[in-house]
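To keep things clear, I will list the structure first and then write my remarks on it.
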Amino acid sequence: MGLITSVRGFKDILPDETGRWRHVENTARRIFSSFGLREIRIPILEKTELFSRGIGDTTDIVEKEMYTFEDRGGDSLTLRPEATASIVRAYLEHHLHQHETVSKFYTMGPMFRRERPQKGRYRQFHQINVEIFGSADPRTDAELLLMLVLFLGELGLPGLQLEINSLGCPACRPVFKERVIAFLDAGRDDLCADCRRRLDTNPLRVFDCKNEGCRRLVVKAPVILDSLCDECAAHFADLKRYLEALDVPFVVNGGMVRGLDYYRRTAFEVTTTALGAQNAVAGGGRYDGLTEQLGGPDIPGIGFAIGVERLISLLPADEDFAERPLLYIAALGNEAADFAYLLSCSLKKHGIRTEMDFDDRGLKSRMKRADKLGCRFTLIIGDDELARKEAPLRDMIEGGQRTVTLTDPAELALELGRYAANELPAARHGNNNDNQ
RNA sequence: GUGGGUGUAGCUCAGUUGGUUAGAGUGCCGGGUUGUGGCCCCGGAGGUCGAGGGUUCAAAUCCCUUCACUCACCCCA
């Protein structure tokens, strides 16, 4: 076919779906706002260096899986693969840390990764991000998690579970890492080929392997929680205490790791039993070293990201987010149609969503249209109604009809609003042979 | 990047060992009441069978190439 299609891995979000998106976004705004977060909007394009320095150019993440290209000026630019680095950049660039000791941000929008598309992983995908700077206090961690769980619960997601872990800090994590590597290396023969490679590139990833042999080995491996320094252990203990006090259910998952080095202490994921292997809905953690790594002062930070596509796929299916017209005007004949057209525009100016069609068809076809559009009311205007300046208004839900006058659009708009809100008595039934 | 699966009507899919005019459901349009929707009944429109090439008297069907979609692997910020 000769049609131009969208770019691979990029998806249109059609009007039938956008209602769900807005519901998610509005809910996020409302809840985040009550926790004192403020919205920040950042560019989708950044200098590649921001991500390579933030994420660490150790792996092929940077080289292979980012949307990177060269600008005409010769700069290497990258479509943001995540939001945290950009938010940190904006935070430092505008010296926001000098305006307030604690800054709380949220943002939402598209991210880009040049991976092969698969279920729930597109090249353009969407995240809701939250970042809090300036507090290393475990109460901040707990409050953040409370907010996250509240948000997901508010959306009605089933089977949610919060998993937490501590990843230690530069004082204790390297020690642990050494011990793990030594342990895994000793059992190298039991590892799968992938994990033997990971041992050199990213040893902690072995914990995520699904392979039988690897799993058996991993369960006997040293646990980070046993290796925490006193400060990290205290932080984690406080976090758990506050979560309990806040009635936020959680489980400790000592095997949860993060690939990136800048993560410190608290790491968490929210999973759902409603999905298969890819069950993480949200994830995040504390990244106290990141601001310094990006050239700023040492400011503690913690945040999370929520995958919106996955979230939306989990929304209860029976919820209906469609926005329906309030009124359909069925006009019969040219004169009536002209009058109806002007009336419909007047009503729209008064905030009444009104639909009509311009092609000349029978009333039955009009009624079907009104039904199809899900209109609450249908106003029927023919020559008689035009002459009398009053017309039958049919309630498409209850089936009854009442007579309304057509002389004053403003008055009619008010009347329709009141009918819709059921502030006026129900319409009479039996105007026609329709209510058996 | 590697491997598997699938491409037929707007959508979901049938289509036999290659054989005449490619089907169903749903949706769309119309009729069943010359002015009353939903349920039901009837009718209609709608397809370069993803694209290109090959084999054959004959290809949606077999072969090759390519593209797209999809699932998994790798990786996961």
Side-chain angles (χ1 to χ4, degrees), chain A residues 1-11 14 16 50-52 54-66 78 80-88 111-122 125 127 129 192-195 197-198 201-202 204-205 208-211 257-263 267 269 276-278 280 283-285 287 290 303-305 307 328 330-333 336 359 361-385 391-401 430-436:
Chain A
M1 56 175 145
L3 289 177
I4 296 171
T5 58
S6 63
V7 176
R8 175 172 211 194
F10 289 68
K11 291 272 178 285
L14 299 175
D16 280 350
L50 175 67
F51 302 115
S52 55
I55 295 170
D57 42 15
T58 52
T59 56
D60 54 13
I61 289 170
V62 170
E63 294 149 20
K64 281 186 175 176
E65 297 175 11
M66 296 203 307
T78 295
R80 62 183 187 191
E82 51 125 20
T84 304
S86 299
I87 294 175
V88 171
M111 310 292 158
F112 305 85
R113 292 181 197 177
R114 210 194 167 301
E115 295 176 298
R116 189 129 176 198
Q118 59 176 289
K119 188 179 194 172
R121 299 179 72 174
Y122 301 117
F125 59 101
Q127 285 188 340
N129 282 81
C192 66
D194 284 332
C195 284
R197 186 175 44 74
R198 286 185 183 119
T201 56
N202 199 351
L204 295 184
R205 274 283 149 211
D208 290 340
C209 188
K210 291 142 201 150
N211 181 283
V257 297
R258 287 272 110 96
L260 303 186
D261 283 341
Y262 61 67
Y263 279 104
E269 267 177 19
Q278 299 188 338
Y287 44 82
L290 187 55
F304 62 75
Y328 185 88
L332 306 166
D359 49 352
R361 291 185 207 256
L363 181 59
K364 180 171 184 156
S365 155
R366 288 283 101 103
M367 297 300 293
K368 283 188 177 180
R369 256 304 269 168
D371 189 52
K372 183 75 59 187
L373 291 167
C375 296
R376 177 68 204 278
F377 300 106
T378 302
L379 185 63
I380 300 165
I381 303 179
D383 291 338
D384 285 355
E385 289 78 8
L393 178 74
R394 183 171 181 80
D395 188 319
M396 300 299 280
I397 297 173
E398 296 174 13
Q401 295 188 181
N431 285 26
N432 267 295
N433 53 348
D434 61 313
N435 59 335
Q436 296 301 314

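All values derive from a computational prediction rather than experimental measurement. Labels below follow one simple rule: chain letters A, B, ... track the order of the sequence lines, proteins then strands, and each chain is numbered from 1.
- Within 4.0 Å (heavy atoms only), K364(A) reaches at least one base atom of the nucleic acid.
- Across all non-hydrogen atoms, the minimal contact from Q127(A) to R113(A) is NE2-NH2, 4.0 Å.
- With A77(B), G38(B), G35(B) as the candidates, the nucleotide lying closest to the side chain of L363(A) is G35(B).
- Of the residues near RNA chain B, M396(A) and R8(A), the one whose nearest nucleotide (by heavy atom distance) lies more toward the 5' end is M396(A).
- Annotation: side-chain contact (heavy atoms from CB on, under 4.5 Å) contacts of A370(A) (sequence neighbours excluded): Y328(A), T378(A), M396(A).
- A straight line from CG of D395(A) to C1' of U36(B) spans 14 Å, rounded to a whole angstrom.
- When rounded to the nearest whole Å, the span between CD1 of I397(A) and P of G38(B) equals 16 Å.
- Taken to the nearest 0.5 Å, the CD atom of Q401(A) stands 12.0 Å off from the CZ atom of F377(A).
- Rounded to whole Å, the distance from OH on Y122(A) to P on C69(B) is 10 Å.
- Going from the P atom of U17(B) to that of C63(B) covers 14 Å, rounded to whole Å.
- Taking both residues in full, the closest heavy atoms of D383(A) and L332(A) are given as OD1-O, 4.3 Å, listed atom of the first, atom of the second, then distance.
- For M66(A), counting side-chain heavy atoms from C-beta on, the closest listed nucleotide (G35(B), C75(B), A77(B)) is A77(B).
- R8(A) meets the salt bridge (charged side-chain N to carboxylate O under 4.0 Å, His left out) test with no other residue; sequence neighbours excluded.
- For U70(B) and G50(B), the C1' atoms lie 15 Å apart once the distance is rounded to whole Å.
- Two residues, Q127(A) and P117(A), neighbour RNA chain B, and the one matched to the more 5' nucleotide by heavy-atom proximity is P117(A).
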Under 3.5 Å between N/O atoms: give me all the protein pairs with nucleotides 2-5 of chain B, atom names plus distance.
unit_1, atom_1, unit_2, atom_2, d
U2(B), O4, R116(A), NH1, 2.8

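- Residues forming a salt bridge (charged side-chain N to carboxylate O under 4.0 Å, His left out) with R369(A) (at least two apart in sequence, or on another chain): D357(A).
- Contact annotation for S365(A): backbone-only contact, meaning every heavy-atom pair under 4.0 Å involves sugar-phosphate atoms and none involves a base.
- Note that the OG1 atom of T84(A) and the CG atom of L50(A) stand 10.5 Å from one another [nearest 0.5 Å].
- Separation of the P atoms belonging to A14(B) and U6(B) is 10 Å when rounded to the nearest angstrom.
- Between the C1' atoms of G47(B) and A9(B), the separation comes to 5 Å (whole Å).
- Rounded to a whole Å, the CZ atom of F10(A) is 16 Å from the C1' atom of A68(B).
- Considering only side-chain atoms of Q401(A), the nucleotide from U36(B), A77(B), U70(B) that sits closest is U36(B).
- Counting to the nearest Å, the C1' atom of G1(B) and the CD atom of E65(A) are 10 Å from each other.
- Contacts of E385(A) with the nucleic acid, taken as non-hydrogen atoms under 4.0 Å apart, include base atoms.
- The separation of G30(B) from C73(B), taken at their P atoms, amounts to 49 Å, rounded to a whole angstrom.
- Under the side-chain contact (heavy atoms from CB on, under 4.5 Å) rule, P81(A) has a single partner from M66(A), E115(A), R114(A), which is M66(A).
- A donor and an acceptor atom never sit less than 3.5 Å apart when one is taken from the side chain of R369(A) and the other from the base of G37(B).
- Between the CG atom of L332(A) and the P atom of G37(B) there is a distance of 13 Å, rounded to whole Å.
- Rounded to a whole Å, the CE atom of M367(A) is 14 Å from the P atom of C39(B).
- Scanning all heavy atoms of the two residues, the minimum distance from D395(A) to I397(A) falls at OD1-N, 2.9 Å.
- Partners of E269(A) under the salt bridge (charged side-chain N to carboxylate O under 4.0 Å, His left out) rule, at least two apart in sequence or in another chain, are R258(A).
- The same atom, P, is picked in U16(B) and in A22(B); the two are 15 Å apart, to the nearest Å.
- Among the duplex regions that RNA chain B forms, those built from at least three successive Watson-Crick or G-U pairs under 3.5 Å are B:1-7 with B:67-73, B:10-13 with B:23-26, B:28-32 with B:40-44, B:50-54 with B:62-66, ordered by first number.
- Across A58(B) and G54(B), the matching P atoms stand 12 Å from one another, rounded to whole Å.
- Of the candidate nucleotides G30(B), G35(B), U36(B), G30(B) has the atom lying nearest to any side-chain atom of R361(A).
- Partners of D359(A) under the salt bridge (charged side-chain N to carboxylate O under 4.0 Å, His left out) rule, at least two apart in sequence or in another chain, are R361(A), R366(A).
- Contact between the side-chain N/O atoms of K368(A) and the OP1/OP2 oxygens of C39(B) is not found at any separation under 4.0 Å.
- On the P atoms, U48(B) is 13 Å away from C11(B), given to the nearest whole Å.
- R366(A) places its CZ atom 10 Å from the P atom of C29(B), with the value rounded to the nearest Å.
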